[in-house]
Chemist: 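Provided herewith is a single structure, encoded as structure tokens, for subsequent inquiry.
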Amino acid sequence: MRIVFVMVFLGIALVYPVLQAWTIWRCRGGWRTASLLCLVPMGPFYLWSLYKILIPQPSGDLSGMLIMFVAPWPILYLIVLALVSEASRKTTSAEKPISH
């Protein structure tokens, strides 16, 4: 059972930091600030969840599993943010006249 838990945790929990780093790297200006807002609640929560999972806990302590239920929301936020940012970038570059 523990190996299934670890696999699910890695599948969900590792997507968030990769996506967070990618949006920080890819976005510019206010979009980057919007991307960084996710770190305010998720940074400490993520570290706490990792601590709870990596340090052996008494049987029945499932508090480390909370990251699996919380991580999809910032993942969704970052995906929408990246899509809107990219659409905004394409619209802005299409409006600029080409100078010769």
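Start at 1 with the first residue, then count along the sequence.
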Chemist: Which pair of non-hydrogen atoms, one from Pro74 and one from Ala71, has the smallest distance, and what is that distance?
Modeler: CD-O, 3.1 Å
Chemist: Hey, any chance Leu19 and Val80 share a hydrophobic cluster, counting ILVMFWY side chains that come within less than 4.5 Å of each other, even indirectly?
Modeler: yes
Chemist: What I'd like to find out is whether the side chain of Ile75 reaches to under 4.5 Å of the side chain of Gln20, using heavy atoms alone.
Modeler: no
Chemist: Answer yes if Trp25 and Leu78 sit in the same cluster of Ile, Leu, Val, Met, Phe, Trp and Tyr residues linked by side chain heavy atoms under 4.5 Å apart, and no otherwise.
Modeler: yes
Chemist: In this structure, would Val40 and Phe45 fall into the same cluster of hydrophobic residues linked by side-chain contacts under 4.5 Å?
Modeler: no
Chemist: Pick from Cys38, Pro72, Ser35: which one makes a side chain to side chain contact (heavy atoms under 4.5 Å, CB included) with Tyr77?
Modeler: Cys38
Chemist: Can you find a pair of side-chain heavy atoms, one from Ile79 and one from Thr23, that are under 4.5 Å apart?
Modeler: no
Chemist: Does Trp22 share a hydrophobic cluster with Val18, counting links as ILVMFWY side-chain heavy atoms below 4.5 Å and allowing steps through other members?
Modeler: no
Chemist: So how far is it from Cys27 SG to Arg89 CZ, rounded to the nearest 0.5 Å?
Modeler: 7.0 Å
Chemist: Do you reckon Leu83 sits in the same ILVMFWY cluster as Ile24, going by side-chain contacts under 4.5 Å, direct or chained?
Modeler: yes
